[in-house]
2 protein chains.
Amino acid sequence: MKKVSLADISKELGVSKTLVSFVMNGRAKEKRINDEVAEKVLAKAKELGYKADYLARAMRTGKSQTIGLVMADISNTFFSKLARSIENEAAEHGYNVIFGSSDENHRKSGKLIDVFKDKRVDGLIICPTIGDITHIKKLNKERYPYVLVDRYFNEVSSNHVVVDNYNGSFKIVEDQIQMGRKRIAFVNFNVELINMTERFNGYIDALKSYGYKYDSSIVKNVSFKNIEKETYLAMKELMKITPKIDTIYFSNNRLAFLGIKYLFENNTINFKKLKLASFDNYEFMHLLQVPIKFGVQPIEELGKSAVDSIMKQINEESGGVEHVKLPLDISFLN
Amino acid sequence: MKKVSLADISKELGVSKTLVSFVMNGRAKEKRINDEVAEKVLAKAKELGYKADYLARAMRTGKSQTIGLVMADISNTFFSKLARSIENEAAEHGYNVIFGSSDENHRKSGKLIDVFKDKRVDGLIICPTIGDITHIKKLNKERYPYVLVDRYFNEVSSNHVVVDNYNGSFKIVEDQIQMGRKRIAFVNFNVELINMTERFNGYIDALKSYGYKYDSSIVKNVSFKNIEKETYLAMKELMKITPKIDTIYFSNNRLAFLGIKYLFENNTINFKKLKLASFDNYEFMHLLQVPIKFGVQPIEELGKSAVDSIMKQINEESGGVEHVKLPLDISFLN
DNA sequence: CTGAAAGCGCTTACAG
DNA sequence: CTGAAAGCGCTTACAG
């Protein structure tokens, strides 16, 4: 079962490779090739089980029909769902996805970007981390098709698709305030990622607009690297001043998981007095015996929009820089 | 910033492309190329920022340095963790991973396999589903490098890396029996996948070896497609005969999640009387206010072994068909 | 030790 | 309407 090439067909039929190539690429009409000839070619191709060699075509055209996906960590539920959505949407366009995880390390993401470019992906979907700004600038300069997802940088222009973190966070805090909470603690990451800072800004502004003062002693920031240890520490400190707070608001589901785990393991907490909220959700929240309010990120839309944006760029239908901001689903607040 | 090719270097240096190619591929010694010449080539390559064109090389050598990963659903926590492990291990070998989800549909997996082969992946890692046996046979015939992971088929020879489902399941049930449980219900998938049937066999044999009779009325099988609805139904039926059972054993974490969700939503359950067990774990289990025993699948090892197996095949160091069976971690039973 | 040349399988500008 | 030929950027068998 040897590979069938264009040459095989052209030889058997006594026509040129050019003609066969045109027919196989559906350009028979455009090139005004005789219908009978075209049909003969198609029939022979089918008979021999011809399939264009992907690598040869990719090499010639420079198109690989593959998208490179750079994310923080595919094993994280948010990203794996995002990856799935991207995979589905890419498939709709006849594209495949090659992926890699950066672990929030810009050296890794830089390397992934380089490798994927080497492999000639037609476009990149990147969930950038701190320090990736250099790589983004480079992509801009090279006019390499890419779109950022979940995060972007104020300092550099980029196509990006994100969630409306500011307003989502604002509404969650507002909801808590409207339910009568007066002291809302906030557990966030200590990083300069725009999605996290926006959630913080939403938190602050919601407080302000209801006349509450921002109290830095009930805001805790933990690092990515030591997330487990530091979240525990943050919770411990918050528990010490527990009469001062009536709500804990987590800026993402991972922090919520760890924070709540801490509370359960040290179960002297009265959940009638201490309420919980989280920016986004996670399956476990549906299992808690304790009420929690949360937003739901439009992950599927996020992935779909990102692919659509990259496709527009690849097909050169893009009308300049594109920013998409999707609303947080806050139906679980009511 | 045009692309630099072998020809550019050879022209500038007045040597042949052959020589440059040999040097760049580290074959200078082997080809006994003059040290000075080799160094000059390397220096010039560095100066010009030369990088071998991936597609041209892949086309010529037939090697793409890419692995195709076909799994059921990347958004599922088990698979996303597996994907991460595979990604890491592949990177160690200088390989990238292109992935796709089959949704337990053999038409989809067949298509993914074809597309990935088209893209000339050097090997496939497949989590096969029912009906994939045809595709496996074809791969065998073509001698295409692949390894099955998590599941395999008794009917066809294959390289595969799986968990010891039988013994893991046996031990979990044994543990329950030793803790005095007498009526252990089992919630499983209604499919012919070997991992699921082995878990069932372990369940039955554990019962038998302790002198208990198998009672089909307390074994429930649900489908992949309607998992949510059917698990709820199964739980409902089990709850009706609740005095007849003192334990519910779920054959995987997804079923456990849904089953426990049902129990919580209908919270008339006395968890002093009804105990819970699951074949594998999920983060939420660490948050339950109710005790549950579970095994832990060696996901990382699973991915690592799968990549190692495929690498051996690619590098033709494979000594025939390879079967790996990894033990379930049952430390959470004690 | 080194080079000229063929070839992988396509696509496409050019010619008629 | 159709074809001969060049070329994408490599690798490698062959020759000297």
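So you know, we letter chains A, B, ... as the sequences are listed, proteins then strands, and number each from 1. What you see below is based on every heavy atom in this structure, not just the backbone, and it leaves out hydrogens, waters and symmetry mates.
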- Query: So what is the 5' to 3' dot-bracket string for DNA chain D, if pairs are Watson-Crick or G-U wobble with both distances under 3.5 Å, crossing pairs use [ ] and | means the partner sits on another strand?
  - Reply: |||.||||||||.|||
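Note that the CG atom of Leu302(B) and the CD atom of Glu300(B) stand 10.5 Å from one another [nearest 0.5 Å]. Note that the OG atom of Ser157(B) and the NE2 atom of His323(B) stand 5.5 Å from one another [nearest 0.5 Å].
Residue Glu12(B) forms a salt bridge (charged side-chain N to carboxylate O under 4.0 Å, His left out) with just one option from Lys44(B), Lys17(B), Lys40(B), and that option is Lys44(B). Of the residues Ile136(A), Ile133(A), Val162(A), Asn159(A), the one that meets the side chain to side chain contact (heavy atoms under 4.5 Å, CB included) test with Tyr152(A) is Val162(A).
Judged purely by distance below 3.5 Å, without hydrogens or angles, the side chains of Thr66(B) and Asn96(B) never pair a donor atom with an acceptor atom. Side-chain N/O atoms of Asp103(B) and Ser101(B) include no donor and acceptor closer than 3.5 Å.
Geometrically, Lys117(B) engages Tyr144(B) in a cation-pi contact, judged by NZ or CZ lying under 6.0 Å from the ring centre and within 45° of the ring axis.
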- Item | Candidate pair Lys304(A) and Glu301(A), rule salt bridge (Lys or Arg N to Asp or Glu O under 4.0 Å), full reasoning | CA-CA 5 Å; Lys304(A) 197 168 156 3; Glu301(A) 276 301 308; 5.8 Å; no
- Item | Base-contact (B) and sugar-phosphate-only (S) positions in nucleotides 8-16 of chain D, heavy-atom cut-off under 4.0 Å, - elsewhere | BBBBBB---
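Remark: P of dG3(D) and NZ of Lys11(A) are 15 Å apart, rounded to the nearest angstrom.
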